[in-house]
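Heads up: numbering here begins at 1 and tracks the sequence. In each ligand, atom 1 is the first atom listed, and ligand 1 is the first ligand listed.
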Amino acid sequence: MTCEISDAVVLITGAGGEVGHGLIGRLSAAGRRVVTLDLQPLAPALAEGVAAEYTGTILDGDLLARVFHAHRVDAVFHLAALLSTSAERDPQHAHRVNVEGTLALLEQARQSGERHGHTVRFLFPSTIAVYGLPSRAVKQRSGRVSEDTFTQPTTMYGCNKLYCEHLGRYYARHYRQGAAAGLVPALDFRGLRFPGLLSADTVPSGGTSDYAPEMIHAAAQGQPYACFVGPDTWLPFMAMPDAVDALLQLEQAPQASLTRTVYNVSAFSASADACARETIEVFPLAHITWSPDVRRQGIVDTWPADVDDSSARRDWGFSPAYDFRCTFRDYLQPAVTARYARRS
Ligand code: SER
């Protein structure tokens, strides 16, 4: 199906990934027209909910121009990225995708906003990887880290995302110093720093917080799991439905209520050991062992054990529905069980 140029659409890049899965369903259920861009064709069930689907890379400038000229894009959810472990395998490629790809999208969105005489909302999932705590001891004693502290990432992914947060702020507030000249910006950039995400529908790939979802998906399939970080490793997490809700809530928030361009969000902080115990609680046949990988452990050790998301709660009412136990018992256990039952 194609759209008329006059129809306002929401563009999702990286739509076939973890967050895209939930987001497409929620946006199309709300009656929004969704246009997707992903390296791979969407799964048929996912494609049903979209108005137009493009297959290709965000580094293809001609393709991006075609998408933005074929539709009146009102909002962009820019999900396409190489995550932290993948990015360390090929840092130069990660930089191209994560930085040059984001810059190209920001520019297309800005031009599109100018062409159509409106402001395009640009939603950008950032990450706890933008933090770089200097040691485990500092991590332990720092507790809930606020947005403006410890932003010295040690991974290419973290550097890329932190820089793109700044690029977004530049485009939204300072592009060619338009604000000083009294011009209305064509782009409204809003970022969320996600913690580790736990999804029942997809198995993550290429991230370093992936141990938690991996142990659950392995347990549901009756497979043993060797965890690549040690049991006393703490990170903030949230369930995927809360992550999708957060993106949609932030998109809808009135600009006047926002005091930042990028917000921390999180539902709970948990150790790998607590995740393993809870996995065993909901899947009693789970077999989890510990086999820390020095590089991946090193990455997680620089990320905060928890984040201060009070700005998101105050400015736009962020309030996750799933705490630690609910995430495992009410969301993951039934949904992951159903996922693998469907496949057998
Ligand atoms: N999930 C991301 C990663 O592990 C961090 O936000 O790379």
Are R33 and D74 ion-paired here, with the side-chain N under 4.0 Å from a carboxylate O? no
To check your reading of the model: name the closest protein heavy atom to atom 1 (N) of ligand 1, its residue, and the distance in Å. S209 OG, 2.9 Å
Anything under 30° is parallel, anything over 60° is perpendicular, the rest tilted; go ahead and classify F189 against F122. parallel
For atom 4 (O) of ligand 1, find the nearest protein heavy atom and state the residue, atom name and distance (0.1 Å precision). T208 N, 2.5 Å
Check whether F68 forms a cation-pi arrangement with R115 (NZ or CZ under 6.0 Å from the six-membered ring centre, at most 45° off the ring normal). no
As an exercise, identify every atom of ligand 1 less than 4.0 angstrom from a heavy atom of L83. 7 (O)
Compare every heavy atom of L37 with every heavy atom of G56, then report the nearest pair and how far apart it is. O-CD1, 3.7 Å
Report the nearest protein non-hydrogen atom to atom 6 (O) of ligand 1: residue, atom name, distance rounded to 0.1 Å. T127 OG1, 2.6 Å
Structural part of S84 in contact with ligand 1, heavy atom criterion under 4.0 angstrom: both
For D210 and ligand 1, does the shortest N/O to N/O distance drop below 3.5 Å? no
Kindly assign one of parallel, tilted or perpendicular to the pair F318 and W316, based on the angle between their ring planes and the thresholds 30° and 60°. tilted
